[in-house]
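Below is one structure, written out as structure tokens, with a few remarks after it.
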Amino acid sequence: MPKYSAITIVLAIIYMILLSCSKKQAAEIKPDVPAPENPGAVLTYSNFAQALFQNKCAGCHAPGRSAAAIFNFTGYASVVTNSERIKQAVLVNKTMPLGGSLSAAELQSLTNWFNQGMAQ
Ligand code: HEC
């Protein structure tokens, strides 16, 4: 039996192990899902906040409604003007929406929308 064959086989095996390792690691580095810090879709008034205020607040805080004198929801400008009071009532004190609540996802999205500068 030739002497080199055993060495060749051992080297070949080592080479294959190294090759499969480096291939595996390279595949692991490749991101196949967006990084968590990538927020994906940008939240705006039109695609998110408007519906939330309309559905959860306007029942009491719209023209002609019971709490219109306190916060009168008439669109984007009325939210921006009252943003500090809204943040305090909804996100900090959690006293609004009165008699209801926002889901954890809604609270998170609303927080992000405010923090991102209330995009229209
Ligand atoms: C069922 C009726 C009702 C709903 C729904 C409701 N509110 Fe109110 N809201 C009130 C009443 C009544 C007051 C005044 C008494 C109080 O502060 O508890 C008030 C007070 C407020 C205030 C003033 C708080 C302060 O002291 O500065 C803000 C801001 C506000 N609401 C925002 C909202 C927002 C935003 C929503 C939706 C997420 C909402 N409210 C949903 C009835 C409601």
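Quick note: residue numbers are just sequence positions, from 1. What's counted below: heavy atoms across the whole structure, side chains too, no hydrogens, waters or symmetry copies.
Considering CD of Gln120 and CE of Met118, their distance stands at 11.0 Å, rounded to 0.5 Å.
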Trace of the side-chain contact (heavy atoms from CB on, under 4.5 Å) decision for Cys57 with Met96: CA-CA 8 Å; Cys57 318; Met96 291 293 137; over 6 Å; no
Derivation of the side-chain contact (heavy atoms from CB on, under 4.5 Å) call for Ile86 and Phe53: CA-CA 10 Å; Ile86 294 170; Phe53 287 111; 3.9 Å; yes
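Leu91 and Leu102 fall within a single hydrophobic cluster, where Ile, Leu, Val, Met, Phe, Trp and Tyr are joined by side-chain heavy atoms under 4.5 Å apart, directly or via other members. Residues Leu110 and Val80 share a single hydrophobic cluster, defined by chaining ILVMFWY side chains whose heavy atoms lie under 4.5 Å apart. Residues Leu52 and Leu107 share a hydrophobic cluster, clusters being chains of Ile/Leu/Val/Met/Phe/Trp/Tyr side chains in contact below 4.5 Å.
Residue pairs meeting the salt bridge (Lys or Arg N to Asp or Glu O under 4.0 Å) criterion with at least one member in residues 72-81: none, sequence neighbours excluded. Applying the ring-ring contact (aromatic ring centres under 6.0 Å, His included) test to pairs two or more places apart or on separate chains, none has a residue in residues 82-120. For residues 91-100, every residue pair satisfying the side-chain hydrogen bond (donor to acceptor under 3.5 Å, both in side chains) rule, not counting sequence neighbours, is listed here: Gln88-Asn93. Applying the side-chain hydrogen bond (donor to acceptor under 3.5 Å, both in side chains) definition to pairs two or more places apart or across chains, none involves residues 51-77. A salt bridge (Lys or Arg N to Asp or Glu O under 4.0 Å) check over residues 110-120, counting only residues at least two apart or in different chains, returns nothing. For residues 43-55, there are no salt bridge (Lys or Arg N to Asp or Glu O under 4.0 Å) pairs, not counting sequence neighbours.
The two atoms that bring Pro97 and Ser101 nearest to each other are CG-N, 3.8 Å, heavy atoms only. In terms of heavy atoms, Ala68 sits closest to Ala62 at CB-O, 3.2 Å.
Partners of Thr44 according to the side chain to side chain donor-acceptor pair (under 3.5 Å) rule, which considers only residues two or more places apart in sequence or in another chain, are Asn47. Scanning for salt bridge (Lys or Arg N to Asp or Glu O under 4.0 Å) contacts around Lys87 gives Glu84, with sequence neighbours left out. Looking at residues two or more places apart in sequence or on another chain, you find a side chain to side chain contact (heavy atoms under 4.5 Å, CB included) between Ser109 and Leu43, Phe48.
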